[in-house]
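All figures in this text were calculated on a predicted structure; none of them were measured in a lab.
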Amino acid sequence: MHGWDLLLSLRIVDGPFLWGTYAIAAAVFVYLLVRPPSRRWLVTAASALVGGSLAALAVTFVMQDLLDLFNSPMAIAARLWIVLAGASVALAFMNLRRSRWWRKVIAVWAIGLFAWTATLGISADFGILKNLGDLLDISIEEPLDVSELAPHSTNPPGPLAESWQPPASMPATSTHGSIPIPASDPSFEPRDAIVYLPPAARLPDAPALPVVVFLSGQPGAPDVADIGAVLDRFAARHDGLAPIVVSVDQLGGSGTNNPLCVDGYQGDALSYVNRDVPAFISSTFNVLPSRTDWTIAGFSNGGECSIASGAAFPEVWGSIIDISGELEPDLGGDDGDTLEIGFGGDKAAFDAAKPLTILAAGASDPAVAALYADTVAVFADGSDDEPYLGYSRILHAAAAEAGMQSHLVVSPGTGHESATIEYGFTSAFELLYPRWGLARG
């Protein structure tokens, strides 16, 4: 790995880089705070800390609570980091007055340091962006060697776990890598997908396995860190058996995009996820062909896309995992922004793209309703993840009413974060492993 890749691979959710940054920021803060004692400086420093904190609170309230510009809940820890950053930056500005030149230089540098430290702190609390590359939206995944993939095969009759005997040559660990999956719509330009291969899939004569297509939140990028950590534990308990995971880019080239999981706005995102991706996976990987072995999964923005896809394309997806998903396509900001920007003011088109509408329409069609009856839908959320927990309850009820085998699981004490994702996948795979034939009866 080259030096640049080593830098991008630095973990930012824990470890020396994170704690070292915290320590440096704390030391610089103390340096800027401590000056020769005087009444003037005590009043100045106190005013800066209080004023900076209040300004940060005000900006956060307007941007997050009034305008909802981030289209995502903000945890108390994130708000505290913003307040700390506001107070620290204000203190740094006060050090630009009546100070030596070197103190001015340190103060200017400290402004960036404090902002960067708060960014790392918020990201670490969120827990989804694992390394520096994730934070900067730069992938450091090595390309997957397609020539080493197992050829297509047919498993013995019955559940795979009943006939599977792992050979001594089976790798002890999973692997992952990137692979481009082109879109049929040239205006939709997705980033490379990331593929997770469990130990059993790495054999030259690997069995055909189920497949999970995973969609990230927004902002976000294709990633298998959380789902891979969960499946590594399942594979260890089930003789190396786990589904092949393909995390694809429903956002279309950038973590800041939001194509709303529809066709038309920012390209054909819905067709990419539900037509282009399944066709590529079927032709490239040794996966089981039955819809009952295909799962669409997602978090937040990707969660909404997963339930919308599973409801609209039940012939493709036999299972759905929606973790902390949005209730409907949502660009954030003003309530009318999504309608006007994403759907050109066409309310009928907007309503038709909502998962609740799709589920109701599918349930009224006997052919679709029959597929719904053989669809497992798992809605997972954190107990502290409002308003998303409310959305999950609504969608769980709607899926059950539409005839799906719907389940709701709630992660205690977690919010819109990595811990909820791992809890959700753990609960979902406990339900799906027997359905896939990967668990012995």
Side-chain angles (χ1 to χ4, degrees), residues 139 141-184 190-215 222-224 227-228 230-249 271-297 309 313 315-319 429 432-440:
S139 177
E141 284 284 344
E142 294 292 330
L144 192 68
D145 189 346
V146 180
S147 66
E148 294 184 355
L149 296 176
H152 289 78
S153 64
T154 302
N155 296 341
L160 175 60
E162 300 296 334
S163 59
W164 171 247
Q165 294 294 329
S169 61
M170 187 179 71
T173 61
S174 63
T175 190
H176 50 85
S178 65
I179 189 168
I181 302 181
S184 55
R191 291 165 288 182
D192 288 354
I194 308 298
V195 178
Y196 167 92
L197 297 175
R202 301 181 64 189
L203 291 165
D205 55 348
L209 292 169
V211 61
V212 175
V213 170
F214 175 57
L215 313 173
D223 182 70
V224 294
I227 189 173
V230 173
L231 284 176
D232 282 346
R233 295 192 287 270
F234 274 82
R237 288 163 42 198
H238 296 282
D239 297 321
L241 294 176
I244 291 173
V245 178
V246 184
S247 179
V248 304
D249 181 23
S271 290
Y272 177 71
V273 170
N274 295 283
R275 293 193 175 96
D276 300 338
V277 167
F280 181 90
I281 292 172
S282 295
S283 64
T284 305
F285 299 98
N286 187 22
V287 296
L288 292 164
S290 172
R291 63 177 292 277
T292 57
D293 297 304
W294 282 66
T295 300
I296 182 75
S309 296
F313 296 85
E315 71 282 4
V316 177
W317 312 107
S319 301
F429 293 147
L432 294 176
Y433 253 63
R435 176 177 173 87
W436 292 332
L438 300 185
R440 297 183 187 275

(message) Y196: which residues meet the ring pair (Phe, Tyr, Trp, His ring centres under 6.0 Å) condition with it, sequence neighbours left out?
(response) none
Let me check something: any side-chain donor-acceptor pairs from residues 241-248 under 3.5 Å, sequence neighbours excluded? List them with distances.
residue: S247; atom: OG; partner: F214; partner atom: O; Å: 3.3
residue: S247; atom: OG; partner: D223; partner atom: N; Å: 2.9
residue: S247; atom: OG; partner: D223; partner atom: O; Å: 3.3

(request) Please identify each residue that fulfils side chain to side chain donor-acceptor pair (under 3.5 Å) with W317, with sequence neighbours left out. (result) N274
(request) Apply side chain to side chain donor-acceptor pair (under 3.5 Å) to D249 and list each qualifying residue two or more places apart in sequence or on a separate chain. (result) R191
(request) Sorted by first residue and then second, give each salt bridge (Lys or Arg N to Asp or Glu O under 4.0 Å) pair with at least one member in residues 272-292; sequence neighbours left out. (result) R291-D374
(request) Taking W294 for its side chain and L288 for its backbone only, find out whether a donor-acceptor pair lies under 3.5 Å. (result) yes
Which atom pairs, donor and acceptor, lie under 3.5 Å between side-chain atoms of residues 168-180 and protein residues at least two apart or in another chain?
residue: S174; atom: OG; partner: D232; partner atom: OD1; Å: 2.8
residue: H176; atom: ND1; partner: E141; partner atom: OE1; Å: 2.9
residue: H176; atom: ND1; partner: E141; partner atom: OE2; Å: 3.1

(request) List in chain and number order the residues that pass side chain to side chain donor-acceptor pair (under 3.5 Å) with S283, two or more places apart in sequence or in another chain; answer none if no residue qualifies. (result) none
(request) Locate the shortest heavy-atom distance separating A439 from P434; write the atom from each residue and the value. (result) CB-N, 4.2 Å
(message) Holding to ring pair (Phe, Tyr, Trp, His ring centres under 6.0 Å), I want the full list of residues that pass it with F313, two or more places apart in sequence or in another chain.
(response) none
(request) Write out all pairs satisfying salt bridge (Lys or Arg N to Asp or Glu O under 4.0 Å) with one or both partners inside residues 233-247, taking only residues at least two apart or from two chains. (result) R233-E422, R237-E430, D239-R440
Could you tabulate the donor-acceptor pairs under 3.5 Å formed by side-chain atoms of residues 150-161, not counting sequence neighbours?
residue: H152; atom: NE2; partner: S282; partner atom: O; Å: 2.7
residue: H152; atom: NE2; partner: F285; partner atom: O; Å: 3.1
residue: S153; atom: OG; partner: A206; partner atom: O; Å: 3.3
residue: S153; atom: OG; partner: N286; partner atom: ND2; Å: 3.0
residue: N155; atom: OD1; partner: A208; partner atom: N; Å: 3.0
residue: N155; atom: ND2; partner: A208; partner atom: O; Å: 2.9

(request) Report the residues that fulfil side chain to side chain donor-acceptor pair (under 3.5 Å) with D205, sequence neighbours left out, ordered by chain and then residue number. (result) none
